[in-house]
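For reference, the structure discussed in these notes is given below.
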Amino acid sequence: MHFGTKAVHAGVEPDPSTGAIMTPIFQTSTYVQAAPGDHKGYEYARTQNPTRSALEKALATLENGSHATCFGSGLAAADALMKLLKPGDEVLATNDMYGGTYRLFTQVFAPMGIRFRFIDMQQAESIAEHLGPQTRMVWIETPTNPLLRIIDIRTVAAETRSHDLYVVVDNTFASPYLQNPLDLGADIVLHSITKYIGGHSDVVMGCVVVKDAAIDARLKFLQNACGAVPGPQDCFLVLRGLKTLHLRMRAHCENGARVARFLQGHPAVAKVHWPGFANHAGHVVARNQMRDFGGMLSFTLKDDRMEAALQVMRSTRLFALAESLGGVESLISHPASMTHASIPKAEREASGLSDTLIRLSVGVEDAEDLVADLAQALEALS
Ligand SMILES: *Cc1c(COP(=O)(O)O)cnc(C)c1O
């Protein structure tokens with residue numbers, strides 16, 4: 001079955017008691033048993049909820065995995081993955097990553113004895129040189145946030161296969177429409193559903209998708225034991241959002257390309273980070289592992305004063321100044337002071353994230369209006 005058909009149908013069956021085509025919102029905390037232990041597979045809603053189960057089935061299908069587990073946020077999903085490890089274990093992570101994940105690693109799990117090393121993974125062939133005897137997890141984000149660097153998932157997975165470790169891919173920026181890491185050899189896929197999968201800026205949620213029943217069993221144990229479960233209303237909203245994921249992603253990609261090319265040709269712009277450009281360092285890998293290039297991009301101005309970047313961010317009318325990404329509406333943001341403020345300035349700059357970088361999440365409005373909005377904001381500079 002092709003992606004769009006799966007997006008509309010995966011995981012959902014007409015409700016057996018009424019025929020409702022949409023999975024009902026099972027807003028219940030418990031389920032009545034006929035006799036102690038005699039139940040219909042549902043005992044308590046932290047452990048099982050039918051709305052959540054439908055969503056988990058759909059997500060597993062869209063990522064070509066066998067099982068998915070949903071959590072109350074993307075970071076709650078990352079938190080569960082860290083609990084697959086024990087003190088003394090090491091995580092080798094990409095150095096250009098979501099600020100909240102970096103904070104979770106360095107300020108929550110490092111003090112508990114898990115070790116983290118952050119490296120540039122663009123040279124995927126040499127990843128094995130960085131592995132130590134305690135490395136139990138390799139953490140990839142691709143495209144990276146906010147510099148849109150590309151990491152070759154297939155090569156990282158192949159080069160680390162003989163080691164006893166999990167290859168995790170945070171696939172939030174790509175969405176399952178653009179990239180399926182399990183097919184490329186990864187063990188675990190994480191999404192902040194809050195972004196493209198939810199797609200309408202109205203839900204905070206995360207998930208983990210795997211293809212191995214043993215990892216799934218441990219994650220389901222952690223989901224129930226630690227309790228960071230999403231509510232049924234939110235699961236319903238995401239089930240609804242999923243049905244248009246392929247349509248939204250096509251529009252994000254088309255608009256992303258239009259905006260990237262417009263910025264690239266603008267005299268006030270210094271550099272545009274977008275993997276669709278043939279001269280982007282990760283372009284060939286992106287073409288091989290992604291179906292298209294996505295709606296995220298970032299850029300710097302020729303005027304390298306921070307005030308110039310801030311002025312552009314104050315001047316857009318359609319692009320709203322806000323954190324987050326992946327919703328139908330276009331957003332503009334300043335990673336250094338917003339999403340990435342929890343990464344120390346020295347480390348930000350070492351990984352190439354300057355204080356003047358502007359990030360765009362290109363929405364699904366008409367491209368002409370988006371380009372005109374950026375044109376007037378850049379005009380205001382001169
Ligand atoms: C937003 C985001 C997260 C965290 O997800 P939440 O749902 O906000 O907890 C993790 N990784 C990436 C790449 C993100 O953009």
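Whatever order the structure lists ligands and atoms in, that order sets their numbers, starting from 1. Model, not experiment: these values are computed from the prediction. The analysis underlying the following values was restricted to heavy atoms, covering all of them including side chains, and did not include hydrogens, waters or symmetry mates.
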Distance to 0.1 Å, residue and atom name: give those for the protein heavy atom nearest to [atom].
atom	result
atom 5 (O) of ligand 1	S192 OG, 3.0 Å
atom 4 (C) of ligand 1	Y98 CE2, 3.4 Å
atom 7 (O) of ligand 1	T194 OG1, 2.7 Å
atom 14 (C) of ligand 1	K195 NZ, 3.0 Å
atom 12 (C) of ligand 1	D170 OD2, 3.4 Å

Determine, for [X] against [Y], whether the closest basic-nitrogen to carboxylate-oxygen distance falls under 4.0 angstrom.
X	Y	result
R154	E159	no
E90	R117	yes
K345	D355	yes

Checklist outcome for this item: One should read off an interatomic distance between R52 CZ and L239 CG, to the nearest 0.5 angstrom, of 12.5 Å
Checklist entry - Would you call the rings of F262 and H266 parallel, tilted or perpendicular if under 30° counts as parallel and over 60° as perpendicular? => result perpendicular
Checklist entry - For the residue pair H280 and F293, is the inter-centroid distance of their aromatic rings smaller than 6.0 Å? => result no
Checklist entry - Can you tell which part of L75 has a heavy atom less than 4.0 Å from ligand 1: side chain, backbone, both or neither? => result both
Checklist entry - Under 4.0 Å from any heavy atom of G74, which atoms of ligand 1 are there? => result 5 (O), 6 (P), 7 (O), 9 (O)
Item to check | Contact atoms of ligand 1, heavy-atom distance to E141 under 4.0 Å | outcome: 13 (C)
Checklist entry - Does E368 have any salt bridge (charged side-chain N to carboxylate O under 4.0 Å, His left out) partners at least two apart in sequence or in another chain, and if so, which? => result R258
Item to check | Whether M205 lies under 4.0 Å from ligand 1, heavy atom | outcome: yes
